[in-house]
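This report concerns only the one structure given below.
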There are 2 protein chains.
Amino acid sequence: MLIGEYFHNLDTKGRVSIPSKFRDDLGGTFVLSKGVNDCLCAYSKEEWESFKEELLQLRGADARMLRRFFFSGATECEIDTQGRVVIPPLYREYAGLGREVVIVGVSNCMEIWDKAAWNKYMNNPALESAEIENAMERLGL
Amino acid sequence: MLIGEYFHNLDTKGRVSIPSKFRDDLGGTFVLSKGVNDCLCAYSKEEWESFKEELLQLRGADARMLRRFFFSGATECEIDTQGRVVIPPLYREYAGLGREVVIVGVSNCMEIWDKAAWNKYMNNPALESAEIENAMERLGL
DNA sequence: AAGGCTATGCTTATCGGTGAATATTTTCAT
DNA sequence: ATGAAAATATTCACCGATAAGCATAGCCTT
């Protein structure tokens, strides 16, 4: 299961180490796609297939838009022998990645954020501790 | 059932022994997450799985944020052959753990507190027995 | 063909995680 | 109370993950 928050650095060639705990779940090659909220989203091949199926079952104008967004915005990546992947320039740019990035596990996918963008996102008032406690109560934790 | 209060020490590598009475309930691997009052909160796999299912079924704009919050804020831990777990640096820092920690059972989860923080919390006026009595009355206990 | 660019791989240093060994304390049964 | 066994604390040595810099090979351009 992909969970946790890891702070890594891009090297000068735009490569980043994948947290070792994520490598088994992602597999040697995975699908990198543009995510919602200016982040990148990496799916194992299996997870990508099921995401794809969901997308293909949708109907209507919105569905066409989403398919264009996600299918055109995805690429296959390979983890090298040292556990790194190259983040293609287009994707670095899309997510505004600087040198410092945050890699987070969100259960079925792994997201890559620029560190500053992630911190900003997580400071959202909807994540105040009162709200969190409400959510936990609703969800039975 | 997880109940009781135990005083343990982190070793120099940031590991702590899990009270032997908790090991059966937690299982060999459990999920450690950031708790609400500067403490860490450990759930058995079963507890966490059911929480995860609830979380994945949420829909709407906040759902994505809550998933990111809860999944990124948790990590899987494994109890070693000597009954210890590593508390990752990020988590030690979050809960302000020094060498002396307190491990408390709260029925469905196990919490880890810095000893000083725990003592301070337990000296809270809201925990005077008169206040406890009032709270119980309000809740019809 | 020469120079430079890019992608990829290799090397080293550092740090944190892991496992073993041993010491100390606590618990429990006798 | 006493001894045995279990639990916890402490230390050391080793292994693996990550960061950073350098080296090499292939390719493009001129």
Side-chain angles (χ1 to χ4, degrees), chain A residues 2-30 32 40 42 75-93 97-105 110-115 118, chain B residues 2-32 40 42 72 74-105 110-115 118:
Chain A
L2 300 163
I3 56 174
E5 181 186 23
Y6 297 86
F7 295 83
H8 285 190
N9 296 319
L10 293 187
D11 69 15
T12 52
K13 304 295 170 62
R15 293 175 293 190
V16 66
S17 290
I18 300 302
S20 59
K21 287 198 178 183
F22 288 178
R23 289 178 204 160
D24 281 348
D25 279 312
L26 279 179
T29 71
F30 59 84
L32 186 70
L40 303 176
T75 183
E76 233 174 3
C77 289
E78 197 158 348
I79 299 185
D80 72 17
T81 54
Q82 290 157 83
R84 301 170 301 187
V85 290
V86 177
I87 309 294
L90 202 64
Y91 289 79
R92 256 178 274 163
E93 202 175 315
L97 301 186
R99 197 177 69 95
E100 297 183 310
V101 301
V102 184
I103 300 185
V104 301
M110 176 189 92
E111 294 182 343
I112 304 177
W113 292 69
D114 178 69
K115 185 179 171 189
W118 171 253
Chain B
L2 300 161
I3 52 174
E5 181 187 21
Y6 297 85
F7 295 83
H8 285 190
N9 295 321
L10 293 188
D11 69 15
T12 53
K13 294 305 185 92
R15 291 176 293 191
V16 65
S17 290
I18 300 303
S20 60
K21 291 196 177 180
F22 288 179
R23 289 178 204 161
D24 283 347
D25 279 311
L26 279 178
T29 71
F30 58 84
V31 175
L32 186 71
L40 303 176
S72 75
T75 185
E76 239 173 347
C77 290
E78 197 157 349
I79 300 185
D80 71 17
T81 53
Q82 292 159 81
R84 301 170 301 186
V85 290
V86 178
I87 311 293
L90 206 64
Y91 290 79
R92 257 177 273 163
E93 203 175 312
Y94 172 82
L97 301 186
R99 198 175 68 94
E100 298 183 310
V101 301
V102 184
I103 300 184
V104 300
M110 177 189 90
E111 293 181 346
I112 304 177
W113 293 68
D114 178 69
K115 186 179 169 189
W118 171 253

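Only this structure's heavy atoms are used, side chains among them; waters, hydrogens and symmetry mates stay out. Every chain is numbered from 1 and lettered A, B, ... according to where its sequence line falls, protein lines coming before strand lines.
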All N/O pairs under 3.5 Å across the protein-nucleotides 22-26 of chain C interface:
none

Sequence neighbours left out, what passes salt bridge (charged side-chain N to carboxylate O under 4.0 Å, His left out) with [X]? Give chain and number order.
X	value
A/Lys115	A/Glu100
B/Glu76	none
A/Arg15	A/Asp11

### d(CG, A/Asp11; C1', C/dG9) in whole Å
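So the CG-C1' distance, A/Asp11 to C/dG9, works out to 12 Å.
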
### Task
Please report, rounded to the nearest Å, how far the C1' atom of C/dG17 is from the CD1 atom of B/Ile79.
16 Å

### Message
On the nucleotide D/dA20, are OP1 or OP2 found under 4.0 Å from the side-chain N or O atoms that A/Asn9 carries?
### Response
yes

#### Entry: D/dA17 phosphate, OP1 or OP2, under 4.0 Å from A/Arg84 side-chain N/O
no

### Task
Identify the residue among A/Leu26, A/Leu2, A/Ile103 that makes a side chain to side chain contact (heavy atoms under 4.5 Å, CB included) with A/Pro19.
A/Ile103

### Message
Name the residue from B/Arg84, B/His8, B/Arg23 that meets the side chain to side chain contact (heavy atoms under 4.5 Å, CB included) definition with B/Ile18.
### Response
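One option only clears the test, and that one is B/Arg23.
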
### Task
Test A/Lys13 against A/Val86 for side chain to side chain contact (heavy atoms under 4.5 Å, CB included), laying out the working first.
CA-CA 8 Å; A/Lys13 304 295 170 62; A/Val86 177; over 6 Å; no

### Summary
Residues at least two apart in sequence or cross-chain that pass side chain to side chain donor-acceptor pair (under 3.5 Å) with A/Arg92, listed by chain then number, are none

### Message
Measuring only between side-chain heavy atoms, which start at C-beta, is B/Ile112 closer than 4.5 Å to B/Tyr91?
### Response
no

### Message
Counting only heavy atoms and a strict 4.0 angstrom limit, can you tell me which residues of residues 13-23 of chain A come near DNA chain C?
### Response
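Correct list: A/Lys13, A/Arg15.
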
